[in-house]
Number of protein chains: 2
Amino acid sequence: MAFHKKEEFTQKEQDLAAFAKAMAHPARIAILKVLAQRNECVCGEIVDTLPLAQSTVSQHLKELKTAGLITGTIDGPRSCYCINWKAFSTFNNEFNFLFANLKIKNEKACC
Amino acid sequence: MAFHKKEEFTQKEQDLAAFAKAMAHPARIAILKVLAQRNECVCGEIVDTLPLAQSTVSQHLKELKTAGLITGTIDGPRSCYCINWKAFSTFNNEFNFLFANLKIKNEKACC
DNA sequence: TAATATAATCGTATATTTGCGATATAAGAT
DNA sequence: ATCTTATATCGCAAATATACGATTATATTA
């Protein structure tokens, strides 16, 4: 009886949470940073910058890809990853919307 | 040997990840939304708006509080929760910093 | 003081995440 | 065809997260 009740929330709540979850690990933040720094698509160089095994990094990349934060295409013998700019922007807007509400109403903390 | 290697990342990466993690559940997004809507501090009314048991909600509130996203004070027999505006703002800046880097460099996707 | 109401905490079960080594896959080089 | 290089995937172990009911703590009310 200890189940995931996530379906009981609105789609927007679930989407925001899923996006946040994709960023909820320092390794994945670091990956996004690397992808942001090097404009051209990076592949296994990511592995070199992280204190993790290749298989673990590959898994994190997969999670980011599944969540839609990055795209990945096979480029010959190697793989090429990039930020999914559009999805990232959508999330940022969504987040700012929530944030804007807070700003208007809660500028002065109440407790 | 399946250990948390989180310490091996920078403090900023860890902080950003921790903040994202706090929002990485629809219930916690929903809680933030409720706190944003009602300007005055809300207590157990949160429980009524969620499809979860009281103890579970209390746990989510604790996580949000530990992560610094909300503050909570005991107000007589009930508890009063509020958005931690300052921390929220700090996170937003941090996030926008990462995001800004992306915006400048990656406006056109490469793959 | 006893009863009630609100909310936190404990104990527990289950599910998910994190991480690694080993293995598979696929393309390029020899 | 075989070797090498780059990545993805599988299988496993350990750690965390999610959820709930039961219990506890605290303050107000009767």
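For clarity, every value in this text was computed on a predicted model and none was experimentally measured. We name chains A, B, ... by the order of the sequence lines, and we start the count at 1 in each one. All values below were derived from every heavy atom in this structure, side-chain atoms included, with hydrogens, water molecules and symmetry-related copies excluded.
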Closest contact, heavy atoms only, B:L50 versus B:A30: CD2-CB, 3.6 Å
Expected rows: protein N/O vs nucleotides 2-8 of chain D N/O, under 3.5 Å:
from: D:dT7; atom 1: OP1; to: A:G44; atom 2: N; distance (Å): 3.0
from: D:dT7; atom 1: OP2; to: A:G44; atom 2: N; distance (Å): 3.3
from: D:dT7; atom 1: O3'; to: A:S79; atom 2: OG; distance (Å): 3.2
from: D:dA8; atom 1: OP1; to: A:S79; atom 2: OG; distance (Å): 3.0
from: D:dA8; atom 1: OP1; to: A:Y81; atom 2: OH; distance (Å): 2.6
from: D:dA8; atom 1: OP2; to: A:S58; atom 2: OG; distance (Å): 3.0
from: D:dA8; atom 1: N7; to: A:Q54; atom 2: NE2; distance (Å): 2.8
from: D:dA8; atom 1: N6; to: A:Q54; atom 2: OE1; distance (Å): 3.2

Main-chain N/O of B:T71 paired to B:N84 side chain as donor or acceptor, under 3.5 Å: no
Are any side-chain N or O atoms of B:T66 and backbone N or O atoms of B:K62, one a donor and one an acceptor, separated by less than 3.5 Å? yes
Residues A:R38, A:E45: salt bridge by 4.0 Å N-O rule: yes
Under a 3.5 Å distance rule, please check whether A:K21 uses its side chain to pair with a backbone N or O of B:K21 as donor and acceptor. no
Ordered by number, residues from residues 66-74 of chain B within less than 4.0 Å of DNA chain D (heavy atoms) are none
Under-4.0 Å side-chain N/O to phosphate OP1/OP2 contact, A:H60 with C:dG19: yes
Sorted by chain and number, sequence neighbours left out, side-chain hydrogen bond (donor to acceptor under 3.5 Å, both in side chains) with A:Q59 holds for none
Less than 4.0 Å between a side-chain N and a carboxylate O, is that true for A:K33 and B:E13? yes
In whole angstroms, how far is the C1' atom of D:dT18 from the NZ atom of B:K21? 13 Å
What's the separation between atom CD in B:Q54 and atom CG in B:D48, rounded to the nearest 0.5 Å? 11.0 Å
To the nearest angstrom, the CG-P distance between A:L64 and C:dT17 comes to 13 Å
Rounded to whole Å, the CD-C1' distance (A:Q59 to C:dC20) equals 9 Å
Between A:E63 and A:A22, is there a donor-acceptor pair closer than 3.5 Å when you use the side chain of the first and the backbone of the second? no
Taking CD1 from B:I31 and P from D:dT18, how many angstroms apart are they, rounded to a whole number? 11 Å
Between CD1 of B:I46 and C1' of C:dA8 the distance, given in whole Å, is 14 Å
B:D48 atom CG is separated from C:dT6 atom C1', nearest whole Å, by 12 Å
From NE2 of B:H25 across to P of D:dT16 the rounded distance in Å is 18 Å
What's the NZ-P distance between B:K62 and D:dA19, to the nearest Å? 16 Å
